[in-house]
Protein chains: 2
Amino acid sequence: MKNIEITESIFEHFETFIPLSENLKSELEKRLKHIVFKKGETVLNANQICTESYFINKGILRTYFLKDGKEISEYFCGIDEWVNSPKSFMQRKKDIYYIDAIENTEAYLINVNDLVYLFDNFPEMERYARLSMGSVFGHLMERITSMRFTSAKERYNHFQKTYSAIYHRIPLGMVASYLGITQETLSRIRAEK
Amino acid sequence: MKNIEITESIFEHFETFIPLSENLKSELEKRLKHIVFKKGETVLNANQICTESYFINKGILRTYFLKDGKEISEYFCGIDEWVNSPKSFMQRKKDIYYIDAIENTEAYLINVNDLVYLFDNFPEMERYARLSMGSVFGHLMERITSMRFTSAKERYNHFQKTYSAIYHRIPLGMVASYLGITQETLSRIRAEK
DNA sequence: CACAACTTTTGACCTATATCAAATAATCAT
DNA sequence: ATGATTATTTGATATAGGTCAAAAGTTGTG
């Protein structure tokens, strides 16, 4: 059955960081809910507190914020990744980030209260969170580096590597704002060679 | 006695995230070692694995890497902050980062093996790590934003806010590379108004 | 305290990328 | 399909910040 397959893929993800007991598996299973978003659909509005985190099974979600009325893409998430508005989710307060669906997307969600329950009762979940954050941490550092001493073209190349599985499915304008360059510049970079 | 005072300041730091049992306190006390670095001294070389994390009590440490033979400052750490080479420390492998002392610095260090021992035996330490990483996470995201759609001057202002306690003690050249601009540009920004 | 070795400032000039404007091209809804 | 939106490309021009070079200022050490 399909739900089972999908849950399996989350379990596999967890197991790259921690061993999962049968008990924890069943507690997770109880709390993970399947959800579908249509292309273009808003997942989170900036005026809301983010109370859910989404583990993507299919499609792409994007986090962005508004600057001078324009959407600035913060990051993109594809299969086997978690998306939320980090500060909002962990500190239960509003933040500037919106989340929307770039493609028709399927995901599993967990509510923040359920996650806290798991943290309180399964120390290995704390470890999972620490370790998985660690790997995202590395990406953020790389991105900061890439943002400083590299040309627009090098940044685009770096982006293609980082998002090799999905970069070609993301509209140009969104990529440009993610990279901190204008659409026009990105269009010219793509036109070269 | 001085050592006790300093240890207290680390404990206070931990207690902003988790309650500390007497047992955990004494286990920490056994493992934290006091260390002193002279201005300019190298704390970590890029060709080494980073096996220690430093909690600063006085002074400033800097993390940097080399690009085209030039030092690019990655971040600065002052009082009550942890410094290490993140990937190297957590994954026990070499990375590109050096650490050095910008001022005469005093710190407490913990060895990675001791930290792992604490993670294994005190689940609240896992929680501490998760929560404290969370706050650094927020700073990294802000920095990425600041790096994209803001002018050199705005970035410098943002830097002054982020590092309000120590920004004036960091040499201009190091600040410039941290911000991703040249020394000359930063010098001109400072000269204005 | 004086010289060497850095660090910061100043000036002249150049280049990557932004801006503004308009023409195509692609996508969507009826 | 067909016109309306929305996204992308192309062109002309402007500018923030880079590069190179040299002067001035600061710091440390015998």
Side-chain angles (χ1 to χ4, degrees), chain A residues 37-42 59-60 62 64 66-73 76 98 100-105 145-160 166-193, chain B residues 37-42 59-60 62 64 66-73 76 98 100-105 145-160 166-193:
Chain A
F37 300 105
K38 271 183 288 189
K39 179 175 178 174
E41 196 176 337
T42 295
I60 303 175
R62 167 181 76 133
Y64 68 96
L66 295 180
K67 164 149 180 144
D68 306 328
K70 282 181 197 157
E71 297 181 357
I72 310 292
S73 299
F76 309 102
Y98 297 75
D100 67 0
I102 290 184
E103 298 180 346
N104 291 331
T105 297
T145 298
S146 153
M147 217 55 107
R148 283 188 295 181
F149 288 95
T150 53
S151 65
K153 189 173 184 172
E154 288 172 301
R155 252 135 80 193
Y156 181 60
N157 291 338
H158 180 260
F159 163 78
Q160 285 181 308
I166 56 171
Y167 80 90
H168 55 284
R169 288 144 62 189
I170 302 169
L172 176 137
M174 293 182 186
V175 175
S177 71
Y178 173 87
L179 294 175
I181 60 181
T182 58
Q183 303 190 194
E184 295 93 325
T185 297
L186 181 53
S187 175
R188 287 185 243 265
I189 286 167
R190 278 191 179 170
E192 289 175 28
K193 70 169 171 193
Chain B
F37 299 107
K38 270 182 286 187
K39 180 175 178 173
E41 195 176 338
T42 295
I60 304 175
R62 167 180 75 135
Y64 68 96
L66 295 180
K67 165 149 178 142
D68 308 327
K70 282 181 196 158
E71 298 181 357
I72 310 291
S73 299
F76 309 102
Y98 296 75
D100 68 0
I102 290 185
E103 299 179 346
N104 292 329
T105 297
T145 297
S146 153
M147 218 55 110
R148 281 187 296 179
F149 289 95
T150 54
S151 66
K153 189 175 184 173
E154 288 172 301
R155 254 137 78 193
Y156 180 59
N157 291 337
H158 180 260
F159 163 79
Q160 286 181 309
I166 56 171
Y167 80 89
H168 55 284
R169 286 144 62 189
I170 303 169
L172 177 138
M174 293 183 185
V175 174
S177 71
Y178 172 85
L179 295 175
I181 61 181
T182 59
Q183 303 190 192
E184 293 92 326
T185 296
L186 182 53
S187 175
R188 284 176 179 118
I189 287 168
R190 278 190 178 172
E192 290 175 29
K193 71 169 174 198

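Order of the sequence lines sets the chain letters (A, B, ...), proteins ahead of strands, with each chain counted from 1.
- Under 4.0 angstrom from either OP1 or OP2 of D:dG17 there lies no side-chain N or O belonging to B:Lys153.
- Smallest separation of non-hydrogen atoms from B:Tyr64 and B:Ser73: CB-CA, 3.8 Å.
- Going from atom NZ of B:Lys67 over to atom C1' of D:dG18 covers 14 Å, rounded to whole Å.
- Within 4.0 Å (heavy atoms only), A:Gly180 reaches sugar-phosphate atoms of the nucleic acid but no base atom.
- With hydrogens and angles disregarded, a donor-acceptor distance shorter than 3.5 Å links the side chain of B:Arg148 to the backbone of A:Tyr178.
- Candidate nucleotides C:dT17, D:dT8, C:dT8 were compared by shortest atom distance to the side chain of A:Gln183, and D:dT8 ranks first.
- Distance from the side chain of B:Ser187 is smallest to C:dT10 among D:dG28, D:dT9, C:dT10.
- Remark: P of D:dA7 and NZ of A:Lys70 are 13 Å apart, rounded to the nearest angstrom.
- With rounding to whole Å, A:Leu172 atom CG is found 13 Å from C:dA25 atom C1'.
- Distance, A:Asp68 CG to C:dC20 P: 12 Å, rounded to whole Å.
- As rounded to whole Å, 14 Å separates atom P of C:dA22 from atom CD of A:Glu184.
- Ring planes of A:Tyr156 and A:Tyr167: perpendicular class, angle over 60° (limits at 30 and 60°).
- When only modelled atom types and interatomic distance are considered, B:Ser151 and B:Glu154 share a side-chain donor-acceptor pair under 3.5 Å.
- A:Asp100 pairs with exactly one of A:Lys39, A:Lys38, A:Arg62 by the salt bridge (Lys or Arg N to Asp or Glu O under 4.0 Å) rule, that one being A:Arg62.
- For the pair B:Ser151 and D:dA16, the criterion of a side-chain N or O lying under 4.0 Å from OP1 or OP2 is not met.
- Heavy atoms of B:Leu186 sit nowhere under 4.0 angstrom from any nucleic acid atom.
- Close to C:dA18, at under 4.0 Å from its OP1 or OP2, lies a side-chain N or O of A:Thr182.
- The distance between atom CZ of B:Arg155 and atom P of D:dA16, rounded to the nearest whole Å, is 14 Å.
- Contact of A:Arg188 with D:dG11 (side chain to base): a donor-acceptor pair of N or O atoms is detected under 3.5 Å.
- Between B:Glu71 atom CD and C:dT7 atom P there is a gap of 9 Å when expressed in whole angstrom units.
- Atom-to-atom, CZ of B:Phe149 to P of D:dA16 comes out at 17 Å; the value is rounded to the nearest Å.
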